Amino acid sequence: MSDIATIYAAYAERIDAVLSALEAEGTLPPEVSRANVSVEPPRDPSHGDIATNAAMVLAKPAKTNPRALAEQIVEHLKRDPDIESAEIAGPGFINLRIAGRAWIDEIRAIGSLAEGYGRSGVGKGSRINVEYVSANPTGPMHMGHCRGAVVGDALASLLDATGHSVTREYYVNDAGGQVDVLARSAHVRYREALGENVGAIPEGLYPGEYLIPVGKALAEEFGDKYSAAPESEWLALFRPRAVAAMMDLIRADLAKLGIAHDVFASEAELQAAGKPAEAEKWLREQGLVYDGELEKPKGKTPEDWEPVELPLFRSTRFGDDQDRPIRKSDGSWTYFGADLAYHMEKAENADALIDIWGADHAGTVKRIKAAVAALGEGKGTPVPFDVKLVQMVQLMRDGEPVKMSKRSGNFVTLADVVDEVGKDVVRFTMLTRKPEAQMDFDFAKVVEASKDNPVFYVQYAHARICSTMRKAAEEGLAPSDEALDALTAEDVALVKLAAQYPRLVESAAQAREPHRIAFYLYDLAAAFHAFWNAGNDDPSKRVILTQDRKLSGARLYLVAQIGQVIRNGLGLLGVEAVEEM
RNA sequence: GCGCCCUUAGCUCAGUUGGAUAGAGCACGGGACUUCUAAUCCUGAGGCCGCAGGUUCGAAUCCUGCAGGGCGCGCCA
């Protein structure tokens, strides 16, 4: 945490101090919550620099009306020399106008904090585990995984920037039936590598060509020892090798997107360590697991459905629609049974958990939240647990939806898309919609190099700034903070927008909504482009002014700080701030 | 049948956790390039915030109901 308070935080403190003073003199009753007191820029800039609703929120507990309370607050605020004016407006808003020098100081703060501008310690080092991607290790990543990957990664960066101790985690589902299918598919490729004519890949196995090198590696390691052997002899050998190969593929895909997890947690290892059994034992002691019969499914009833007694987790106690089995009738763990143990273990090693899931898993949110809630209840310390659902992305090409079918192997891989349009485009585009809303990803639109495309628009603003610096250097001009007083009101207006960056990062982190950063950067870029163009009509508004080197130095310093904020924001999103376009 | 998500300008979407006159972009009309990068900017028009109630000083935002769209609803993962 820096010792330089950014401007909105500083004024929030000043207003808070006034409220404390009013409390001390008895105008406000003691110990009234100020949680709802906001200190933010008003929507309409003509209202001033900072607005607070303090009088409206606190009028009722103070047993007075908003305007009367506002009068008293304003009286205190006016004693502050940096506050040029404090006015009461509307139902009781207090609008403040800040002295110009305060904004000048803010430009310097950006300059001295540099890449640290916008970072804060509000998270107080609390440990947050963010689990994202967690794609099944049965093949390369496809576009269905992309949105969650980007949103999760940007969210992790955002939490890191706000002073949380973040663990980026990937849960590897390497214990279920699908990895047996993977091993069988690899066995076919293994026989193929030994020279056998295997023909078409059998129905139900993974047909993808990405398993060919896996088959070759198995042939090199084992020779023809297992080519005709029964499955029981080779399955346990082939499975971990195939999974490891798939995880290598997936890690390479993630690297293309600029994503690197800290922890890859293996479901198989979790089971081998007996964690689900431990969880079951503990839950039985709590009366939260019992042997019972599952209800008949509500929707279409499967033809082979019959009632069986299974160990059930009492998730209905925590709001789920029905209790959920943790083991199958053959005694092996269900996906949920292992996942439950996994989450309970995560919860014991973190102060808060976040999972990023695809919307197709929405139906399982309640049961897993129930599991974490059960742990919290049992241990007496609830662990905040948030499941963020990212909605489907519809791929579009030439105005037509791109069809994907995983079973046939006909899916658009993440790597192909990144190769086609670039990492920056993929990442930024995934953040240009709030995650809970569905989105289209149109190949034609996202590569368009125009203002229709937010990535280019923002990157262009940064490139323009870099270009200006290069050009200025040719003219013998350099950024300087010596004559910042010479800046005009229009110059300072740009600072006011840049100054919102720290509070935006904070609120985006708190709301766990990284897309807000993307929208903010678009706005900041727009303000910069407008600022820039003003110099086309009126040469006195240009940044490079050879006839006024002091003002030019100040403007260069200002513009450099705008570039700094854009760079910081893009950094959070994992998008490159290009210097030339 | 049940659960979750969505519904804001003709189109694609924001909306600072309940604040002031609901904002951008596209498309449409009018304008700015012998330039500090026009990959940009300025300007005009465009709204029953899906519908109906409720909560309060105040609702696009919170609650209830309804309609439309999406996702899901086996001992799968």
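Proteins get letters first, then strands, A, B, ... in listed order; numbering begins at 1 in each. None of these values were measured; they are calculated from a predicted model.
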Open item on the list: Dot-bracket for RNA chain B, please. Rules: Watson-Crick or G-U, both distances under 3.5 Å, ( ) within the strand, [ ] when a pair crosses earlier ones, | for another strand, . otherwise.
Closed with: (((((((..((((.....[...)))).(((((.......))))).....(((((..]....))))))))))))....
Hey, does [X] reach any base, or is it just sugar-phosphate, or nothing, if we go heavy atoms under 4.0 Å?
{"X": "A/A508", "result": "nothing"}
{"X": "A/H515", "result": "sugar-phosphate"}
{"X": "A/S329", "result": "base"}
{"X": "A/V308", "result": "base"}
{"X": "A/Q510", "result": "base"}

Ignoring the backbone of [X], work out which of [options] is nearest its side chain.
{"X": "A/Y522", "options": "B/C36, B/A24, B/C71", "answer": "B/A24"}
{"X": "A/A511", "options": "B/C36, B/U17, B/A20", "answer": "B/U17"}
{"X": "A/E40", "options": "B/A77, B/G19, B/U17", "answer": "B/U17"}
{"X": "A/A530", "options": "B/C41, B/A20, B/G15", "answer": "B/C41"}
{"X": "A/K471", "options": "B/C36, B/G72, B/G15", "answer": "B/C36"}
{"X": "A/R516", "options": "B/C71, B/A39, B/G15", "answer": "B/G15"}
{"X": "A/Y335", "options": "B/A20, B/A77, B/A14", "answer": "B/A77"}
{"X": "A/R464", "options": "B/C36, B/U40, B/C71", "answer": "B/U40"}

Spacing of the [atom1] atoms in [M] and [N] (rounded, Å):
{"N": "B/C6", "M": "B/G50", "atom1": "P", "result": "12 Å"}
{"N": "B/C11", "M": "B/C4", "atom1": "P", "result": "29 Å"}
{"N": "B/A14", "M": "B/G31", "atom1": "P", "result": "34 Å"}
{"N": "B/A67", "M": "B/G53", "atom1": "C1'", "result": "15 Å"}
{"N": "B/G47", "M": "B/G23", "atom1": "C1'", "result": "11 Å"}
{"N": "B/C42", "M": "B/A24", "atom1": "C1'", "result": "16 Å"}
{"N": "B/U55", "M": "B/C62", "atom1": "C1'", "result": "8 Å"}
{"N": "B/U61", "M": "B/U7", "atom1": "C1'", "result": "14 Å"}

Open item on the list: Suppose we call a contact any N or O donor and acceptor under 3.5 Å apart; does that hold for the side chain of A/N95 and the base of B/A20?
Closed with: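 Indeed there is one.
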Which whole-number value in Å describes the distance from [X] [atom1] to [N] [atom2]?
{"X": "A/M396", "N": "B/C11", "atom1": "CE", "atom2": "C1'", "answer": "13 Å"}
{"X": "A/D537", "N": "B/C36", "atom1": "CG", "atom2": "C1'", "answer": "14 Å"}
{"X": "A/W333", "N": "B/C76", "atom1": "CH2", "atom2": "P", "answer": "13 Å"}

Of all pairs that satisfy salt bridge (Lys or Arg N to Asp or Glu O under 4.0 Å), the ones with a partner from [range], not counting sequence neighbours:
{"range": "residues 513-535 of chain A", "result": "A/E513-A/R516"}
{"range": "residues 531-547 of chain A", "result": "A/E490-A/K541"}
{"range": "residues 314-324 of chain A", "result": "A/R317-A/E377, A/D320-A/R324, A/D321-A/K366"}

Looking at [N], I'd like to know if its phosphate oxygens (OP1 or OP2) sit under 4.0 Å from a side-chain N or O belonging to [X].
{"X": "A/S467", "N": "B/U37", "answer": "yes"}
{"X": "A/R433", "N": "B/C13", "answer": "yes"}
{"X": "A/H529", "N": "B/G25", "answer": "no"}

Output one line per pair: protein atom, nucleotide atom from nucleotides 4-6 of chain B, and distance, for all N/O pairs under 3.5 Å.
{"residue": "B/C5", "atom": "O2'", "partner": "A/E436", "partner atom": "O", "Å": "2.5"}

Answer yes or no: is there a donor N or O on one side and an acceptor on the other, between the side chain of [X] and the main chain of [Y], under 3.5 Å?
{"X": "A/S467", "Y": "A/A463", "result": "no"}
{"X": "A/H343", "Y": "A/L340", "result": "no"}
{"X": "A/R147", "Y": "A/Q391", "result": "yes"}

Open item on the list: With nearest nucleotide decided by heavy atoms, which residue, A/T364 or A/R512, maps closer to the 5′ end of RNA chain B?
Closed with: A/R512
- [ ] Using the closest heavy atom to pick a nucleotide of RNA chain B for each, name whichever of A/F519 or A/R327 lands nearer the 5' end.
- [x] A/F519
Pairing residues for [X] by the salt bridge (charged side-chain N to carboxylate O under 4.0 Å, His left out) criterion, not counting sequence neighbours:
{"X": "A/D442", "answer": "none"}
{"X": "A/R503", "answer": "A/E40"}
{"X": "A/K388", "answer": "none"}
{"X": "A/R427", "answer": "A/D153"}

Are any protein N/O atoms closer than 3.5 Å to N/O atoms in nucleotides 55-59 of chain B? If there are, list each pair with its distance.
{"residue": "B/C57", "atom": "OP1", "partner": "A/K60", "partner atom": "NZ", "Å": "3.1"}

TODO: Report the C-alpha separation of A/Q178 and A/N173 in whole Å, then their side-chain angles, then the decisive distance to 0.1 Å, and conclude whether the side-chain hydrogen bond (donor to acceptor under 3.5 Å, both in side chains) test is met.
DONE: CA-CA 9 Å; A/Q178 61 190 344; A/N173 302 133; 4.9 Å; no
Task: For A/P514, all residues meeting side-chain contact (heavy atoms from CB on, under 4.5 Å), sequence neighbours excluded - done: A/V151, A/A154, A/L155, A/L158, A/L431
TODO: Kindly write out the residues that satisfy side-chain contact (heavy atoms from CB on, under 4.5 Å) with A/A437, not counting sequence neighbours, or none if the list is empty.
DONE: A/R433, A/K434
Open item on the list: In the structure I gave you, are the side-chain heavy atoms of A/Y170 and A/Y132 within less than 4.5 Å of one another anywhere?
Closed with: no
